[in-house]
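These numbers come from the heavy atoms of this one structure, side chains and all, not from hydrogens, waters or symmetry mates. Just so you know, ligand 1 is whichever comes first in the structure, and atom 1 is the first atom listed for that ligand. For the single chain, residues carry numbers from 1 onward in sequence order.
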Amino acid sequence: MKITSAEFIMSNQDVKKCPNSGIPEYAFIGRSNVGKSSLINMLTNKKSLAKTSGRPGKTQLINHFLINKSWHLVDLPGYGYARVSKSSKAKFQTFITKYFEQRKQLISAFVLVDVRHEPQPIDVEFMEWMGESGIPFSIVFTKADKLKPNALERNVEVYTNKMLEGAWEEMPPYFITSASNYTGKEELLGYINEINLSL
Ligand code: GTP
Ligand code: MG
């Protein structure tokens, strides 16, 4: 799928104030600094559509982007960032949780994990919560440019085994990506396109 237009629509903290058109929506979630905003820029070929930073905690709101005038990509704040205050962390978590529980337009989430790291409890728990809540998701491994092919393959295998040992009967769909060198772009957009066509 080719992205011919990508525009910022709005930011807010309240799921009730998100765009109320019924178009399909896909949301990016994961730990702070994992590369959610960078991936949105990579997919849309726009360097600074979503704000990114080397410091975790950059994205603080629910951000809607309209793609090809027909579907939304949503950039969310990261979870698990230790340096924000407890109260603002709790606030984040409430509105992110509400977003996932209430957003009818959400077709699927993408849970981003850094491919360099072993499965982290916070990600595993989040995915289990998604599963229990009946929210479809895929896994997006990020920062693939940071590993050599062998290590990449090994880490994905470790991740898969951990999921299968845990709560999952099968591995959710997954994608290996790099915002730096465009790895996984066609696969991810092709996947979204297929779902859009099936709706
Ligand atoms: P929050 O908004 O804080 O939750 O973070 P985020 O998940 O949106 O991460 P962001 O896209 O802001 O990227 C965090 C840092 O990782 C930035 O310094 C990016 O340049 C870097 N980064 C993101 N994706 C990649 C990638 O694929 N490869 C490499 N090498 N660096 C990346
Ligand atoms: Mg961000």
message: Please check this pair: side chain of Lys36 against backbone of Gly30, looking for a donor-acceptor N/O pair closer than 3.5 Å.
response: yes
protein heavy-atom neighbour closest to atom 5 (O) of ligand 1 works out as Asn33 N, 2.9 Å
**Asked** Can you check whether Thr177 has an N/O within less than 3.5 Å of an N/O in ligand 1?
**Response** no
Ligand 1 atoms nearer than 4.0 angstrom to some heavy atom of Ser37 are 8 (O), 11 (O)
- Query: Are any of the N/O atoms in Val34 less than 3.5 Å from those in ligand 1?
  - Reply: yes
Compare all side-chain heavy atoms of Leu188 with those of Leu39 and state whether any distance is below 4.5 angstrom.
yes
Given a cut-off of 2.8 Å, the protein N, O or S atoms lying below it from the Mg ion (ligand 2) are Ser37 OG, Thr59 OG1
Q) Is there a side-chain contact between Ile139 and Met171 (heavy atoms, below 4.5 Å)? A) yes
Tell me whether Gly78 has any N or O atom under 3.5 angstrom from an N or O of ligand 1. yes
- Taking only Lys NZ, Arg NE, NH1 and NH2, and the carboxylate oxygens of Asp or Glu, determine whether Asp14 and Lys16 approach each other closer than 4.0 Å. no
In this structure, atom 18 (O) of ligand 1 is nearest to the protein heavy atom Gly54 CA, 3.3 Å
>> Using a 6.0 Å cut-off, check whether atom CD of Glu153 has over 12 heavy atoms from anything other than its own residue.
In response: no
Quick note on ligand 1: atoms under 4.0 Å from a heavy atom of Pro56 include exactly 3 (O)
Quick note on ligand 1: atoms under 4.0 Å from a heavy atom of Ser178 include exactly 27 (O)
Within the 4.0 Å heavy-atom cut-off, what Lys146 brings close to ligand 1 is side chain
Is the closest N or O pair between Asp75 and ligand 1 shorter than 3.5 Å? no
When you compare ligand 1 with Lys36, is there at least one nitrogen or oxygen pair between them that comes in under 3.5 angstrom?
yes
Quiz item: Just distances here: any N/O of Ser180 and N/O of ligand 1 closer than 3.5 Å?
Solution: yes
Nearest non-hydrogen protein atom to atom 16 (O) of ligand 1, with distance, is Lys143 NZ, 3.0 Å
min-distance protein heavy atom vs atom 27 (O) of ligand 1 -> Ala179 N, 2.7 Å
side-chain contact (heavy atoms from CB on, under 4.5 Å) filter on Glu25, not counting sequence neighbours, yields His64, His72, Val74, Tyr99, Arg103, Gln105
Item to complete: Dump the intermediate steps for side chain to side chain contact (heavy atoms under 4.5 Å, CB included) on Ile192 and Met1, then the final yes or no.
Response: CA-CA 9 Å; Ile192 292 174; Met1 169 173 47; 4.2 Å; yes
One finds that the ligand 1 atoms under 4.0 Å from a non-hydrogen atom of Ser38 are 10 (P), 11 (O), 13 (O), 19 (C), 23 (C), 24 (N)
Query raised in the report: Do the non-hydrogen side-chain atoms of Ser70 and Ile23 ever get within less than 4.5 Å of each other?
Result: no
task: Could you check if a side-chain atom of Arg116 sits within less than 4.5 angstrom of a side-chain atom of Leu147, using non-hydrogen atoms only?
output: yes
OG1 (Thr44) and CD (Glu7) are apart, to the nearest 0.5 Å, by 11.5 Å
Ligand 1 atoms nearer than 4.0 angstrom to some heavy atom of Gly57 are 3 (O)
Atom 28 (N) of ligand 1 sits nearest the protein heavy atom Asp145 OD1, 2.7 Å
Sorted by chain and number, sequence neighbours left out, side-chain contact (heavy atoms from CB on, under 4.5 Å) with Arg154 holds for Ala151
Original post:
Under a 4.5 Å cut-off applied to non-hydrogen side-chain atoms, are Pro119 and Met163 in contact?
Top reply: no
Quick note, side chain to side chain donor-acceptor pair (under 3.5 Å) partners involving residues 168-184, not counting sequence neighbours, are Asp145-Ser178, Ser178-Asn181, Asn181-Thr183
_Heavy-atom side-chain contact between Asp123 and Arg31 under 4.5 Å_ = yes
Query raised in the report: Is there side-chain contact between Ser133 and Phe100, with at least one heavy-atom pair below 4.5 Å?
Result: no
Honestly, for Ser53 the part within reach of ligand 1 (heavy atoms, under 4.0 Å) is backbone
Original post:
Just checking, is any N or O donor in the side chain of Ser11 or Asn63 under 3.5 Å from an acceptor N or O on the other one?
Top reply: yes
For atom 9 (O) of ligand 1, the closest protein heavy atom turns out to be Gly35 N, 3.2 Å
- Query: Considering distance alone, does some N or O of Arg55 sit under 3.5 Å from an N or O of ligand 1?
  - Reply: no
